[in-house]
Amino acid sequence: MERIPILQMGKFLLVTIQVDMHDRLALTLQDDLTNKIVKAGARGVLIDISSLEVVDSFIGRMIGNIASMSRVLDAQTVVVGMQPAVAITLVELGLSLVGVRTALNVERGMAMLQKQMEEDRDDQEETGDADD
Amino acid sequence: MPTTKADELPIQTSADVVSVRQAVRSAAMEQSFSLVDQTKLVTAASELARNTLDYGGGGSVRIERVLDGARKGVRLVFKDQGPGIADIDLAMRDGYTSGGGLGLGLGGAKRLVSEFHIDSAPGKGTTITITRWR
(Lines give C-alpha, C1' and ligand atoms only; values in the text may rest on other atoms or scores of the structure.)
Protein backbone atom coordinates (compact mmCIF):
# COMPACT_ATOMS: atom_id res chain seq x y z
CA MET A 1 0.00 0.00 0.00
CA GLU A 2 1.07 3.53 -0.78
CA ARG A 3 2.44 5.39 2.28
CA ILE A 4 4.11 8.67 3.20
CA PRO A 5 7.41 7.86 4.96
CA ILE A 6 7.93 9.02 8.56
CA LEU A 7 11.55 9.58 9.61
CA GLN A 8 12.71 9.49 13.20
CA MET A 9 15.45 11.81 14.45
CA GLY A 10 16.01 11.39 18.18
CA LYS A 11 12.79 12.37 19.90
CA PHE A 12 11.36 13.97 16.76
CA LEU A 13 9.42 12.61 13.80
CA LEU A 14 9.81 14.19 10.38
CA VAL A 15 7.35 13.97 7.52
CA THR A 16 7.80 15.54 4.11
CA ILE A 17 4.69 15.38 1.98
CA GLN A 18 5.87 15.35 -1.61
CA VAL A 19 2.90 13.90 -3.46
CA ASP A 20 -0.57 15.16 -4.23
CA MET A 21 -2.35 13.07 -1.57
CA HIS A 22 -5.68 11.43 -2.15
CA ASP A 23 -7.95 11.33 0.90
CA ARG A 24 -7.20 7.77 1.95
CA LEU A 25 -3.45 8.40 1.84
CA ALA A 26 -3.96 11.42 4.10
CA LEU A 27 -5.93 9.32 6.59
CA THR A 28 -3.25 6.60 6.52
CA LEU A 29 -0.61 9.21 7.33
CA GLN A 30 -2.71 10.45 10.25
CA ASP A 31 -2.97 6.91 11.68
CA ASP A 32 0.68 6.05 11.03
CA LEU A 33 1.88 9.22 12.72
CA THR A 34 -0.27 8.68 15.80
CA ASN A 35 1.02 5.13 16.19
CA LYS A 36 4.63 6.17 15.60
CA ILE A 37 4.43 8.93 18.23
CA VAL A 38 3.56 6.33 20.86
CA LYS A 39 6.00 3.70 19.62
CA ALA A 40 8.93 6.11 19.41
CA GLY A 41 7.98 8.11 22.49
CA ALA A 42 8.28 11.15 20.26
CA ARG A 43 8.14 14.66 21.73
CA GLY A 44 7.78 16.52 18.48
CA VAL A 45 6.40 16.11 14.95
CA LEU A 46 7.56 18.25 12.06
CA ILE A 47 5.46 18.21 8.89
CA ASP A 48 7.03 19.80 5.83
CA ILE A 49 4.36 20.84 3.33
CA SER A 50 6.59 22.96 1.08
CA SER A 51 5.86 20.68 -1.91
CA LEU A 52 2.09 20.81 -1.39
CA GLU A 53 0.46 22.99 -4.03
CA VAL A 54 -3.06 22.58 -2.65
CA VAL A 55 -4.35 22.34 0.92
CA ASP A 56 -8.11 21.96 0.86
CA SER A 57 -10.45 21.51 3.82
CA PHE A 58 -9.78 17.76 3.97
CA ILE A 59 -5.99 18.08 4.16
CA GLY A 60 -6.45 21.05 6.49
CA ARG A 61 -8.57 18.93 8.79
CA MET A 62 -5.97 16.16 8.71
CA ILE A 63 -3.25 18.62 9.75
CA GLY A 64 -5.48 19.88 12.58
CA ASN A 65 -6.22 16.30 13.69
CA ILE A 66 -2.53 15.38 13.77
CA ALA A 67 -1.78 18.45 15.89
CA SER A 68 -4.59 17.60 18.35
CA MET A 69 -3.70 13.92 18.60
CA SER A 70 -0.03 14.60 19.14
CA ARG A 71 -0.90 17.12 21.87
CA VAL A 72 -2.93 14.46 23.66
CA LEU A 73 0.06 12.12 23.35
CA ASP A 74 2.40 14.75 24.83
CA ALA A 75 4.11 15.74 21.59
CA GLN A 76 4.18 19.06 19.74
CA THR A 77 3.43 19.45 16.03
CA VAL A 78 4.92 22.13 13.80
CA VAL A 79 3.89 22.57 10.16
CA VAL A 80 6.56 24.18 8.02
CA GLY A 81 7.03 25.55 4.52
CA MET A 82 3.50 26.49 3.51
CA GLN A 83 3.54 28.14 0.09
CA PRO A 84 2.24 31.75 0.04
CA ALA A 85 -0.48 30.92 -2.53
CA VAL A 86 -1.65 28.07 -0.30
CA ALA A 87 -1.75 30.35 2.77
CA ILE A 88 -3.82 32.97 0.91
CA THR A 89 -6.25 30.31 -0.34
CA LEU A 90 -6.63 28.66 3.08
CA VAL A 91 -7.65 31.91 4.72
CA GLU A 92 -10.18 32.65 1.97
CA LEU A 93 -11.53 29.11 2.23
CA GLY A 94 -12.21 29.83 5.89
CA LEU A 95 -9.67 27.44 7.36
CA SER A 96 -7.52 29.10 10.00
CA LEU A 97 -5.74 25.98 11.36
CA VAL A 98 -6.42 27.02 14.95
CA GLY A 99 -4.06 25.30 17.38
CA VAL A 100 -1.56 24.33 14.68
CA ARG A 101 1.91 25.80 15.15
CA THR A 102 3.66 26.85 11.96
CA ALA A 103 7.17 27.90 11.02
CA LEU A 104 8.58 29.30 7.81
CA ASN A 105 11.05 26.47 7.17
CA VAL A 106 12.42 23.20 8.52
CA GLU A 107 15.29 24.89 10.38
CA ARG A 108 13.00 27.22 12.31
CA GLY A 109 10.51 24.44 12.92
CA MET A 110 13.20 22.21 14.43
CA ALA A 111 14.41 25.08 16.61
CA MET A 112 10.84 25.56 17.82
CA LEU A 113 10.47 21.87 18.77
CA GLN A 114 13.89 21.80 20.42
CA LYS A 115 13.10 24.86 22.52
CA GLN A 116 9.73 23.45 23.55
CA MET A 117 11.34 20.17 24.62
CA GLU A 118 13.98 21.97 26.70
CA GLU A 119 11.32 24.09 28.41
CA ASP A 120 9.29 20.98 29.21
CA ARG A 121 12.39 19.30 30.64
CA ASP A 122 13.14 22.30 32.87
CA ASP A 123 9.55 22.25 34.13
CA GLN A 124 9.82 18.58 34.90
CA GLU A 125 13.07 19.01 36.79
CA GLU A 126 11.46 21.71 38.92
CA THR A 127 8.46 19.56 39.78
CA GLY A 128 10.83 16.65 40.34
CA ASP A 129 12.74 18.66 42.97
CA ALA A 130 9.53 19.65 44.69
CA ASP A 131 8.54 16.03 44.99
CA ASP A 132 11.75 15.16 46.84
CA MET B 1 -19.41 33.03 -24.56
CA PRO B 2 -17.04 30.88 -26.61
CA THR B 3 -15.51 27.78 -25.16
CA THR B 4 -12.10 27.10 -26.67
CA LYS B 5 -11.54 23.63 -25.28
CA ALA B 6 -13.37 21.21 -22.99
CA ASP B 7 -12.59 17.89 -21.29
CA GLU B 8 -14.79 15.63 -19.23
CA LEU B 9 -13.39 13.61 -16.32
CA PRO B 10 -15.05 10.96 -14.15
CA ILE B 11 -15.22 11.36 -10.35
CA GLN B 12 -15.67 7.84 -8.99
CA THR B 13 -12.71 7.32 -6.65
CA SER B 14 -10.53 9.46 -4.40
CA ALA B 15 -7.73 9.04 -6.98
CA ASP B 16 -10.08 10.72 -9.50
CA VAL B 17 -10.26 13.75 -7.20
CA VAL B 18 -6.46 14.03 -7.49
CA SER B 19 -6.72 13.77 -11.32
CA VAL B 20 -9.35 16.53 -11.32
CA ARG B 21 -7.02 18.80 -9.33
CA GLN B 22 -4.22 18.16 -11.83
CA ALA B 23 -6.43 18.70 -14.91
CA VAL B 24 -7.85 21.94 -13.46
CA ARG B 25 -4.33 23.11 -12.66
CA SER B 26 -3.21 22.62 -16.27
CA ALA B 27 -6.34 24.36 -17.63
CA ALA B 28 -5.66 27.34 -15.34
CA MET B 29 -2.03 27.42 -16.47
CA GLU B 30 -3.09 27.31 -20.14
CA GLN B 31 -5.31 30.33 -19.47
CA SER B 32 -2.26 32.08 -17.91
CA PHE B 33 -3.72 32.36 -14.40
CA SER B 34 -1.39 33.68 -11.69
CA LEU B 35 -0.15 31.12 -9.14
CA VAL B 36 -2.58 32.41 -6.50
CA ASP B 37 -5.54 32.26 -8.92
CA GLN B 38 -4.53 28.74 -9.99
CA THR B 39 -4.36 27.63 -6.37
CA LYS B 40 -7.77 29.12 -5.54
CA LEU B 41 -9.47 27.45 -8.50
CA VAL B 42 -7.78 24.09 -7.88
CA THR B 43 -8.74 24.21 -4.20
CA ALA B 44 -12.39 25.03 -5.06
CA ALA B 45 -12.36 22.17 -7.60
CA SER B 46 -10.98 19.80 -4.98
CA GLU B 47 -13.77 20.68 -2.53
CA LEU B 48 -16.50 20.22 -5.15
CA ALA B 49 -15.01 17.01 -6.58
CA ARG B 50 -14.95 15.52 -3.09
CA ASN B 51 -18.59 16.54 -2.56
CA THR B 52 -19.52 14.91 -5.87
CA LEU B 53 -17.86 11.70 -4.68
CA ASP B 54 -18.89 11.65 -1.00
CA TYR B 55 -22.39 13.14 -1.13
CA GLY B 56 -23.38 12.66 -4.78
CA GLY B 57 -22.19 9.06 -4.96
CA GLY B 58 -19.84 9.89 -7.84
CA GLY B 59 -20.30 11.84 -11.05
CA SER B 60 -18.21 13.86 -13.46
CA VAL B 61 -16.68 17.25 -14.12
CA ARG B 62 -16.49 19.16 -17.37
CA ILE B 63 -13.49 21.48 -17.61
CA GLU B 64 -13.91 24.34 -20.09
CA ARG B 65 -11.51 27.05 -21.14
CA VAL B 66 -13.74 30.06 -21.76
CA LEU B 67 -13.25 33.44 -23.39
CA ASP B 68 -15.28 36.59 -22.79
CA GLY B 69 -13.85 39.23 -25.11
CA ALA B 70 -10.24 39.46 -24.05
CA ARG B 71 -10.96 37.87 -20.68
CA LYS B 72 -9.78 34.31 -20.19
CA GLY B 73 -11.33 31.98 -17.70
CA VAL B 74 -11.92 28.40 -16.65
CA ARG B 75 -15.40 27.01 -16.08
CA LEU B 76 -16.06 23.77 -14.23
CA VAL B 77 -19.34 21.88 -14.24
CA PHE B 78 -19.69 19.20 -11.53
CA LYS B 79 -22.56 16.79 -12.04
CA ASP B 80 -23.91 13.92 -9.97
CA GLN B 81 -27.10 11.86 -9.89
CA GLY B 82 -27.08 11.65 -6.09
CA PRO B 83 -29.81 12.44 -3.56
CA GLY B 84 -29.70 16.19 -4.29
CA ILE B 85 -29.82 19.02 -1.77
CA ALA B 86 -33.14 19.93 -0.12
CA ASP B 87 -32.07 23.21 1.51
CA ILE B 88 -29.40 24.90 -0.61
CA ASP B 89 -29.09 27.96 1.66
CA LEU B 90 -28.36 25.71 4.62
CA ALA B 91 -25.87 23.62 2.63
CA MET B 92 -24.00 26.79 1.61
CA ARG B 93 -23.60 27.93 5.21
CA ASP B 94 -20.12 27.62 6.74
CA GLY B 95 -19.92 24.93 9.37
CA TYR B 96 -22.99 23.05 8.17
CA THR B 97 -22.29 19.45 7.15
CA SER B 98 -24.46 16.42 6.58
CA GLY B 99 -21.37 14.21 6.60
CA GLY B 100 -18.24 14.22 8.71
CA GLY B 101 -16.53 17.18 7.06
CA LEU B 102 -15.79 20.68 8.26
CA GLY B 103 -18.71 22.17 6.35
CA LEU B 104 -16.45 24.50 4.39
CA GLY B 105 -16.81 22.81 0.99
CA LEU B 106 -19.63 24.72 -0.70
CA GLY B 107 -19.29 28.09 1.00
CA GLY B 108 -15.50 27.95 0.79
CA ALA B 109 -15.54 26.98 -2.89
CA LYS B 110 -17.89 29.89 -3.62
CA ARG B 111 -15.50 32.37 -1.99
CA LEU B 112 -12.62 31.09 -4.13
CA VAL B 113 -14.23 31.69 -7.55
CA SER B 114 -15.77 34.55 -9.53
CA GLU B 115 -19.10 32.91 -10.37
CA PHE B 116 -20.92 30.10 -8.58
CA HIS B 117 -24.18 28.48 -9.57
CA ILE B 118 -25.88 25.50 -7.95
CA ASP B 119 -28.79 23.56 -9.36
CA SER B 120 -30.16 20.80 -7.14
CA ALA B 121 -33.36 19.25 -5.88
CA PRO B 122 -34.12 16.11 -3.86
CA GLY B 123 -33.96 13.08 -6.13
CA LYS B 124 -32.70 15.14 -9.06
CA GLY B 125 -28.97 15.13 -8.39
CA THR B 126 -26.74 18.19 -8.17
CA THR B 127 -25.02 20.34 -10.79
CA ILE B 128 -22.60 23.02 -9.66
CA THR B 129 -21.04 25.43 -12.16
CA ILE B 130 -18.12 27.63 -11.18
CA THR B 131 -16.07 30.07 -13.23
CA ARG B 132 -12.92 31.89 -12.37
CA TRP B 133 -11.63 34.71 -14.57
CA ARG B 134 -8.02 35.74 -14.62
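Chain naming here is simple, since letters A, B, ... match the order of the sequence lines and numbering starts at 1 in each.
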Starting at [atom1] of [X], measure out to [atom2] of [Y] and round the result to the nearest 0.5 Å.
X: B:S14; Y: A:M21; atom1: OG; atom2: CE; answer: 11.5 Å
X: A:D56; Y: B:L48; atom1: CG; atom2: CG; answer: 10.5 Å
X: B:T39; Y: A:L52; atom1: OG1; atom2: CG; answer: 11.5 Å
X: A:D23; Y: B:S46; atom1: CG; atom2: OG; answer: 7.0 Å

Contact origin within B:A109 toward chain A - heavy atom pairs under 4.5 Å: backbone
Under 4.5 Å from a heavy atom of chain A, the part of B:V18 involved: both
If you group Ile, Leu, Val, Met, Phe, Trp and Tyr by side-chain heavy-atom gaps below 4.5 Å, do [X] and [Y] land in one group?
X: A:M117; Y: A:V45; result: no
X: B:V36; Y: A:V54; result: no
X: A:V86; Y: A:L46; result: no
X: A:L25; Y: A:M69; result: no

Derivation of the side-chain contact (heavy atoms from CB on, under 4.5 Å) call for A:E53 and B:V42: CA-CA 9 Å; A:E53 292 178 331; B:V42 174; over 6 Å; no
Check the surroundings of atom [atom1] in [X]: do more than 12 heavy atoms from other residues, nucleotides or ligands lie under 6.0 Å from it?
X: A:E118; atom1: CD; value: yes
X: B:E115; atom1: CD; value: yes
X: B:R71; atom1: CZ; value: yes

Residue, of B:E47, B:K110, B:R50, that accumulates the most heavy atom pairs under 4.5 Å with chain A: B:R50
Among A:V55, A:L93, A:I59, A:L95, side chain to side chain contact (heavy atoms under 4.5 Å, CB included) partner for B:T43: A:L93
Over all atoms of both residues, closest heavy-atom pair of A:E92 and B:R111: O-NE, 2.8 Å
